[in-house]
Number of protein chains: 2
Amino acid sequence: MKINPVDVLKEHSLKHTKQRVRVLEEIALDTVAISQPELEKKLGKEIDRVTLYRILNIYEDKGILHRIMDMNGTANYAICSTACTADHHHDEHVHFNCTNCSRIYCLDVKVPKMTMPEGFKAATINTTAYGICEKCSLQVKEN
Amino acid sequence: MKINPVDVLKEHSLKHTKQRVRVLEEIALDTVAISQPELEKKLGKEIDRVTLYRILNIYEDKGILHRIMDMNGTANYAICSTACTADHHHDEHVHFNCTNCSRIYCLDVKVPKMTMPEGFKAATINTTAYGICEKCSLQVKEN
DNA sequence: ATTTAAATGCAATTATGTTGCTTTAGTTGT
DNA sequence: ACAACTAAAGCAACATAATTGCATTTAAAT
């Protein structure tokens, strides 16, 4: 998922600031989602905490990032697929949250269709699998 | 899901205190999951905040309650099905989080089986649907 | 009833998220 | 390139959520 921060900002008619570029750069570094605290640690020297919150919120609203909550209620961010718009997020893939390293992966697995009971109208469905990721299962073998 | 708090405590060899009983009573009142802040509001006069946290943690560890995170990272609690044990939670049903009233329902819909990519070993899978619940869709019609 | 161990409550601390306002920095038009 | 305008960043203060250590209380065991 190689993106050009400057282009992304233009596409969504967002003002080009170095803070916004930095946030996108940082998140785009890895296909694995990055957590709010990690971002804060990495960017805390360059970007104010409040600004970071605001940038992340805007990006989520615009459909540039999607936010995945982990089991601790911590927000994690990953770049959205190009199909996402401000009105509608299409991040209907399965997430994998490693219980060992706590990394969150966006898997190439679609969330299965399922029928809701009478009266319940689902707009989006969110699926997260918890377990051991590829990196950690390798490490376990080595020990 | 009618439970007897006193029995539940015995089964898990937990000391019987009035705070623990009250928490279980309160959560068992409704099939809908109750949020931490709601619980705190309801029980705040009788039970210290810290005690509430500790009781909820113990109940989760023991497999008496299961915790569902909503989109805001707020913890919600519901009684576990009898199949749950301390070692293994079996709450593999779909949750429904109403975007209008923010209630969380435990649906009688099983989480579909799905295949993980090479190297990823899922222990549990968590699915939450977001949308409008039965109660809210009725209200919308009325207006 | 006495003892013992665990649970509760309280105070203090830390982490997390939000709001209002001032300052700074992009963008637009000349 | 410069001035003027507007949006974003930074800062301080505040609000909320969660955790820790310790003194006190209470349930259970003898």
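Per chain, numbering begins at 1; letters A, B, ... match sequence-line order.
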Considering heavy-atom distances to DNA chain C, does B/Lys15 or B/Arg54 have its closest nucleotide positioned more toward the 5' end? B/Lys15
Base, sugar-phosphate alone, or nothing: which one does B/Arg20 contact when heavy atoms must sit under 4.0 Å apart? sugar-phosphate
Look at the side chain of A/Asn72 and the backbone N and O of A/Thr74, then say whether any donor-acceptor pair between them is shorter than 3.5 Å. no
Nearest of [options] to any side-chain atom of [X]?
X       : options                : answer
B/Val50 : C/dT16, C/dC10, C/dT8  : C/dC10
B/His16 : D/dA27, C/dC10, D/dG10 : D/dA27
A/Thr17 : C/dT8, D/dA8, C/dT16   : D/dA8
A/Tyr53 : D/dA17, D/dG10, C/dG17 : C/dG17

Whole angstrom value for the distance that separates P of D/dT25 from CD of B/Glu46: 20 Å
Just how far, in rounded Å, is P of D/dA17 from CG of B/Leu52? 12 Å
Proximity to DNA chain D (any heavy atom under 4.0 Å), residues of residues 35-42 of chain A only: none
Five pairs at each end of the helix from C/dA1-D/dT30 to C/dT30-D/dA1: take the axis at both ends and give me the angle between them to 10°. 40°
With a 4.5 Å limit on heavy-atom distance, are the side chains of [X] and [Y] in contact?
X       : Y       : answer
B/Leu52 : B/Val23 : yes
A/Tyr59 : A/Val8  : no
B/Ile79 : B/Leu65 : yes

SB check B/Glu26 B/Arg22 (cutoff 4.0 Å): yes
Tell me every residue that passes ring pair (Phe, Tyr, Trp, His ring centres under 6.0 Å) with A/Tyr105, counting only those two or more places apart in sequence or in another chain. B/Phe120
